[in-house]
Amino acid sequence: MTAISIDGYPNAKELDAFVCLSSEVVHGFKRGSKELGWPTANMDDKCVEAVQDKIGTGIYFGWATVDGNGPYAAAISCGWNPFFQNQKVTVEPYLLHEFEEDFYGSTLKLIIVGYLRPEINVNSLDELKELIGRDVKVTEDLTLKEGAKYADVVSHDFFK
């Protein structure tokens with residue numbers, strides 16, 4: 001894996017091979033938009049298994065499409081969500097796009113490009129919101145900013 005230099009993210013790295021996942025968007029714990037202000041698109045259990053087999057838990061970045069629309073940059077949580085003490089692993093991308101309505105049942109295609117950081121527990125909901133906000137900002141810088149290193153992933157064959 002190739003290291004990526006990002007202030008505050010000493011473990012950030014590009015994956016040796018992108019991880020491509022496709023899933024129907026399923027219902028999760030309904031915390032993303034209601035409690036956190038960061039609505040996520042939850043992926044099914046087969047995607048969870050694939051992530052555990054290929055890359056493990058952590059916070060990642062990449063790109064996603066919804067029913068062929070997009071691609072949209074994505075900050076991705078793969079893991080246990082320690083603050084909420086989940087009993088099962090989830091794969092939850094937050095798409096950097098404003099959607100007018102929920103898209104449960106839609107087909108989500110996700111390319112995980114790189115690793116940002118390990119999952120960590122925090123002391124408060126506000127601290128978690130702030131941490132997610134930093135992850136989203138870093139994802140935006142790596143994917144959407146002019147000259148972003150990972151902007152060209154949008155043309156990946158997986159999205160065609």
Side-chain angles (χ1 to χ4, degrees), residues 4 6 9 12-81 83-84 86 88-117 119 128-160:
I4 303 170
I6 306 168
Y9 289 78
K13 55 191 161 238
E14 180 179 320
L15 299 179
D16 290 333
F18 297 162
V19 175
C20 298
L21 304 170
S22 182
S23 168
E24 179 179 314
V25 177
V26 298
H27 289 273
F29 298 106
K30 302 200 183 284
R31 294 186 294 238
S33 58
K34 291 186 174 129
E35 285 186 61
L36 297 170
W38 302 102
T40 57
N42 293 270
M43 301 187 83
D44 64 23
D45 288 341
K46 73 176 175 23
C47 290
V48 171
E49 291 170 18
V51 164
Q52 287 182 299
D53 290 345
K54 294 179 181 181
I55 57 176
T57 62
I59 308 304
Y60 295 84
F61 70 94
W63 289 95
T65 61
V66 178
D67 287 339
N69 297 309
Y72 310 110
I76 308 150
S77 170
C78 301
W80 298 97
N81 301 314
F83 180 77
F84 293 107
N86 283 9
K88 69 179 236 175
V89 173
T90 59
V91 176
E92 303 179 60
Y94 167 76
L95 308 185
L96 281 71
H97 180 78
E98 290 289 326
F99 291 91
E100 293 184 19
E101 56 189 36
D102 289 339
F103 47 90
Y104 295 111
S106 296
T107 299
L108 180 77
K109 286 188 166 187
L110 178 69
I111 299 177
I112 302 175
V113 175
Y115 176 84
L116 294 178
R117 63 172 180 82
E119 288 189 288
L128 180 58
K129 290 176 184 179
E130 183 180 315
L131 187 59
I132 295 169
R134 286 197 306 266
D135 297 337
V136 169
K137 173 68 171 111
V138 168
T139 295
E140 184 177 16
D141 290 348
L142 290 168
T143 57
L144 297 173
K145 208 174 193 179
E146 188 171 333
K149 180 173 182 177
Y150 301 100
D152 62 343
V153 177
V154 298
S155 61
H156 195 282
D157 286 342
F158 181 67
F159 289 140
K160 295 181 180 164

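Keep in mind that the numbers below use all heavy atoms, side chains included, and drop hydrogens, waters and symmetry copies.
- By the 30° and 60° cut-offs, the orientation of the rings of Phe103 relative to Phe99 is tilted.
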For residues 55-70, tabulate all N or O donor-acceptor pairs below 3.5 Å that involve a side-chain atom, not counting sequence neighbours.
from: Tyr60; atom 1: OH; to: Ile55; atom 2: O; distance (Å): 3.0
from: Tyr60; atom 1: OH; to: Gly56; atom 2: O; distance (Å): 3.0
from: Trp63; atom 1: NE1; to: Tyr150; atom 2: O; distance (Å): 3.0
from: Asp67; atom 1: OD1; to: Thr107; atom 2: N; distance (Å): 2.8
from: Asp67; atom 1: OD2; to: Ser106; atom 2: OG; distance (Å): 3.0
from: Asn69; atom 1: ND2; to: Val66; atom 2: O; distance (Å): 3.4

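- One distance of note links CG of Leu95 with CH2 of Trp38; it measures 12.5 Å at 0.5 Å rounding.
- Counting all heavy atoms, side chain and backbone alike, Ala50 lies closest to Leu21 at CB-CD2, 3.8 Å.
- One distance of note links NZ of Lys54 with SG of Cys78; it measures 12.0 Å at 0.5 Å rounding.
- Scanning all heavy atoms of the two residues, the minimum distance from Leu96 to Leu144 falls at CD2-CD1, 4.1 Å.
- Closest non-hydrogen pair, Ile4 versus Lys13, comes out as CD1-C, 3.5 Å.
- Taking CD from Glu24 and CG from Asn42, the interatomic distance works out to 12.0 Å, rounded to the nearest 0.5 Å.
- Taking all atoms of both residues into account, the shortest heavy-atom contact from Ile111 to Phe18 is CG2-CB, 3.7 Å.
- Distance check: Gln52 CD to Asp45 CG gives 9.5 Å after rounding to the nearest 0.5 Å.
- Annotation: side chain of Met43 is not in contact with side chain of Val25 (no heavy-atom distance under 4.5 Å).
- Within the 4.5 Å cutoff, the side chain of Lys137 has heavy atoms near those of the Asp141 side chain.
- Rounded to the nearest 0.5 angstrom, Glu92 CD and Thr90 OG1 are separated by 3.5 Å.
- Listed here is the closest heavy atom pair of Tyr9 and Arg117: CE2-CD, 3.9 Å.
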**Message:** side chain to side chain contact (heavy atoms under 4.5 Å, CB included) for Val51 and Ile76? Distances and angles first, verdict last.
**Reply:** CA-CA 11 Å; Val51 164; Ile76 308 150; over 6 Å; no
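- Between Pro93 and Leu108 the shortest side-chain heavy-atom distance falls below 4.5 Å.
- For the pair Thr139 and Leu116, the minimum side-chain heavy-atom distance is below 4.5 Å.
- Interatomic distance, CD1 of Ile132 versus OG of Ser77, reported as 7.5 Å (0.5 Å rounding).
- Scanning all heavy atoms of the two residues, the minimum distance from Lys46 to Ser22 falls at NZ-O, 2.6 Å.
- For Lys109 and Phe159, the positive end is not near the middle of the six-membered ring at less than 6.0 Å and at most 45° from its axis.
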